[in-house]
Novice: 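Encoded as structure tokens, here's the structure I'll be asking about.
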Amino acid sequence: MPTDIFGALANPVRRRLLDALRAGPESTSRLAAMFELGRPAVSEHLAVLRDVGLVREERRGRHRFYHLRADGLAEVDTWLRPFEHYWTQRLDALADLADLLDEETSRDD
Amino acid sequence: MTTESIRIDRLLPHPPARVWRLLVEPDLHARWWVAGDVQPVVGHRFTLDMGGFGPQTCEVLRVEHERLFAYTFAEGVLDSVLTWRLEPHEDGTLLRFEHSGLDLATPAGRQAFEGMGRGWPAVIGRLETVAAP
């Protein structure tokens, strides 16, 4: 299961789902019909997109609708946040390794 | 074509030569990010093994030794550019990272930029303030 934005965007079906949601919110069953996929498969892809913050879920009675999280001022940074989060983590790792190399170097001395 | 960027600055208590090695030496690169046959040579094409995102094709665009390293990132998927700038600083190195070209031309980017309009300057302003100690 992808845990970051790149994992979420890796899958062509998920990219097509994002594209389909540009026109407005859709239910799981409508999306499944559009993509000629089983509902469980579509639900799984939507869950991945939801977990990284690219879509949000809305319950309407027995149905779940999915919205792009890019549909207004308040949502703007929601799109960038997964990238920002990802890169912040990577830069943390880079900084840690730079520190570690310092220690390795001083041990070698 | 509208493109936008993620920018993150980091002040690292290490000389630029040290930071540079982390960016351009495959063995070190794999330890903080992912494996890939990265090389600081303009025109060099390489792949970064991005786990579930798959191997992503990159091409080196600019190299200024211990100052700047830029390459295309994820051709055909994000079609974006990663730029690493290293500025000497009294406390070490100011590392300025930019992921640019997140744009309307990619399926993932197209949907995201719809309807965002006037939101961008504020977002970029906020991102520019993101800087770790």
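Chain letters run A, B, ... following the sequence lines, proteins first and then strands; every chain starts at 1. Values below: every heavy atom of this structure, side chains too, minus hydrogens, waters and symmetry copies.
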Novice: Which atoms of Leu23(B) are under 4.5 Å from chain A, going by heavy atoms: the side chain, the backbone, both sets, or neither?
Specialist: side chain

Novice: Flag yes if Val63(B) and Tyr71(B) sit in one hydrophobic cluster, no otherwise; membership is Ile, Leu, Val, Met, Phe, Trp, Tyr, and two members link when side-chain heavy atoms are under 4.5 Å apart.
Specialist: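 Looking at the clustering, Tyr71(B) is in the same group as Val63(B).
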
Novice: What part of Asp96(A) is in contact with chain B, defined as an atom under 4.5 angstrom from a non-hydrogen atom: side chain, backbone, both or neither?
Specialist: neither

Novice: Quick one: sort the Trp20(B) and His65(B) rings into parallel, tilted or perpendicular, breaks at 30° and 60°.
Specialist: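 Correct class here is perpendicular.
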
Novice: With a 4.5 angstrom heavy-atom cut-off, which part of Arg18(B) approaches chain A: side chain, backbone, both or neither?
Specialist: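 The answer is the side chain of Arg18(B).
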
Novice: Using only atom types and a distance under 3.5 Å, with no angle test, would you say the side chain of His45(A) pairs donor to acceptor with the backbone of Val13(A)?
Specialist: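 The answer is no, because no donor-acceptor pair under 3.5 Å joins these two groups.
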
Novice: Could you tell me if Glu59(B) and His44(B) have a donor-acceptor pair between their side chains, going purely by distance under 3.5 Å?
Specialist: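 There is no such pair (donor and acceptor under 3.5 Å, judged by atom type) between the side chains of His44(B) and Glu59(B).
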
